[in-house]
Amino acid sequence: MIKRLTIIGVGLIGGSLARALRVAGACEEIVGWGRSPEPLQRALELGVIDRAESDIAAAVKGADVVLIGVPVGAMEAVLQQLKPHLEPQAVVTDVGSTKGSVVAAARKVFGILPPRFIPGHPIAGTEKSGAEASFAELFRNRRVILTPDEESDPDALALVRQLWQQAGAEVIEMSVEHHDEVLAATSHLPHMLAFTLVDTLARLEDHDDIFRFAAGGFRDFTRIASSDPQMWHDICLNNRDALLQMLRRFTDELNILAGAIEAGDGEALLETFERAKAARDDYCEKSC
Ligand code: NAP
């Protein structure tokens, strides 16, 4: 059992993990740290955390596990603040959506990726933010990717693995590079498409009618455009290379599609749609 878990940034993800571990009886005490008092107080009132601390030294004092749940653009500054106060044996982990940038931030602050810092990323979330949106079941039957390196402490890795398993997740290990490439394709690109589609339509002259007559398909496709803009700003800038590669590939494919429509090439259109339908049906059969 973890004696003291400190969550740095008690939002949707940090708050949901806190709730899940409480339900699992995995921690004696859950402490929350936040930069602003109101959301932290709300997390306390909701019972997400047992104690709220605005002083980071007090928050991590005596903590055996520190989980960082802030946007990836804030990681380096948070690590810098944490560094002088961490207990020597504390295990540190994060939930950031990009891993190359988090590891680079840790190396910048500590000189190395500390062996007891196990980078992580739960492949689960919603378009909502904050502790109010958190719920204990968020990670149940979902995957969590950990990206340790060859210097990582096996005990720290086992502890972080166990933490996520107690929250109901399946834990997978992957290299940082592979993580960032895979997530650029499966998460970051779709978010770019949803944001751009909604923004494009919203700026059309007859946008009122467009939204009035939008049906279920539009709602399904664009749900993720309600995600937090600051979080996605950070993700784009912190997974720049992999995301740009996917965006360029997608732009090429979109241009090919436009060319087929322009040329009246129905065969090419059918081929694309049939390939896509088969791939999605297969994905849903295995994972939906
Ligand atoms: P969230 O609900 O907005 O929570 C973010 C938390 O970080 C809040 O407590 C916020 O405090 C704090 N924070 C924001 N900016 C900060 C800064 N500059 N310095 C210190 N604290 C700061 O976001 P979330 O969805 O939980 O995301 C947290 C992390 O999980 C991100 O790294 C994200 O990439 C990753 N993630 C998100 C999802 C998802 O679907 N949402 C899925 C997987 C991973 P305030 O209350 O003061 O703003």
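As the structure lists them, so they are numbered: ligands from 1, and atoms in each ligand from 1. Counting begins at 1 with the first residue of the sequence.
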For this session: Among Arg142, Gln165, Arg143, find the residue that satisfies the side-chain hydrogen bond (donor to acceptor under 3.5 Å, both in side chains) test when tested with Glu170.
Result: Arg143

Exercise. Of Arg51, Lys61, Lys3, which meets salt bridge (Lys or Arg N to Asp or Glu O under 4.0 Å) against Glu29?
Worked result: Arg51

Seminar exercise, completed: Note: Met1 and Ala26 closest approach over all heavy atoms is CG-O, 3.3 Å

For this session: Indicate, as side chain, backbone, both or neither, the part of His121 found under 4.0 angstrom from ligand 1 when only non-hydrogen atoms are considered.
Result: side chain

Exercise. Hey, does Val70 come in under 3.5 Å of ligand 1, counting only N/O atoms on both sides?
Worked result: yes

Problem set entry | Atom CZ of Arg240 with >12 non-hydrogen neighbours under 6.0 angstrom | no

Problem set entry | Residues Arg116, Asp155: salt bridge by 4.0 Å N-O rule | no

For this session: Decide, yes or no, whether a salt bridge links Arg42 with Glu38 under the criterion of side-chain N to carboxylate O below 4.0 Å.
Result: no

Problem set entry | Within-cut-off N or O pair, Ser36 and ligand 1, under 3.5 Å | yes

Exercise. Which atoms form the tightest heavy-atom contact between His85 and Val60, and what is the distance?
Worked result: O-CG2, 3.4 Å

For this session: If you have a sec, work out which protein heavy atom is nearest atom 24 (P) of ligand 1 and how many Å separate them, to one decimal?
Result: Ile13 CG1, 3.9 Å

Seminar exercise, completed: Quick look: Ile123 vs ligand 1, heavy-atom contacts under 4.0 Å, and the answer is neither

Exercise. Which residue supplies the protein heavy atom nearest to atom 13 (N) of ligand 1, what is that atom called, and how far is it?
Worked result: Pro71 CD, 3.6 Å

For this session: Under 4.0 Å from a heavy atom of Thr126: give me the atoms of ligand 1 that qualify, with their elements.
Result: 40 (O), 41 (N)

Exercise. Does ligand 1 have any atom sitting under 4.0 Å from a heavy atom of Gly69?
Worked result: yes

Exercise. Any nitrogen or oxygen of Leu12, main chain or side chain, under 3.5 Å from a nitrogen or oxygen of ligand 1?
Worked result: yes

Exercise. Among protein heavy atoms, which sits nearest to atom 34 (O) of ligand 1, and what does the distance come to when rounded to 0.1 Å?
Worked result: Ser97 OG, 2.6 Å

For this session: Locate the shortest heavy-atom distance separating Met246 from Leu189; write the atom from each residue and the value.
Result: CE-CD2, 4.0 Å

For this session: Please tell me if the side chains of His191 and Ser227 come closer than 4.5 Å, counting only heavy atoms from C-beta onward.
Result: yes

Exercise. Which protein heavy atom lies closest to atom 35 (C) of ligand 1, and at what distance to 0.1 Å?
Worked result: Val95 O, 3.2 Å

Problem set entry | Any N or O of Gly14 closer than 3.5 Å to N or O of ligand 1 | no

Exercise. Do any heavy atoms of Asp234 fall under 4.0 Å from ligand 1?
Worked result: no

For this session: Quick one: look at Pro39 and ligand 1, take heavy-atom pairs under 4.0 Å, and tell me if it's side chain, backbone, both or neither.
Result: side chain

Exercise. Is there a nitrogen or oxygen of Asp228 sitting under 3.5 Å from a nitrogen or oxygen of ligand 1?
Worked result: no

Exercise. Below 3.5 angstrom, do we get any N/O pair linking Val10 and ligand 1?
Worked result: yes

For this session: Spell out, yes or no, whether Leu254 and Met192 are grouped together once hydrophobic residues are joined by side-chain heavy atoms under 4.5 Å, including indirect joins.
Result: yes

Seminar exercise, completed: Residue, atom and distance of the protein heavy atom nearest atom 43 (C) of ligand 1 read Pro122 O, 3.3 Å

Exercise. Can you find an N/O atom of Lys128 closer than 3.5 Å to an N/O atom of ligand 1?
Worked result: no

Exercise. Where does Met231 meet ligand 1, judged by heavy-atom distances below 4.0 Å: at the side chain, the backbone, both, or neither?
Worked result: side chain

Exercise. Measuring from the heavy atoms of Ser16, does anything fall under 4.0 Å of ligand 1?
Worked result: no

Problem set entry | pair Asp94-Lys99: side-chain heavy atoms closer than 4.5 Å | yes

Exercise. Any side-chain donor-acceptor pair under 3.5 Å between Asp241 and Gln245?
Worked result: no

Problem set entry | Which segment of Ala124 sits under 4.0 Å of ligand 1 when only heavy atoms are counted | backbone

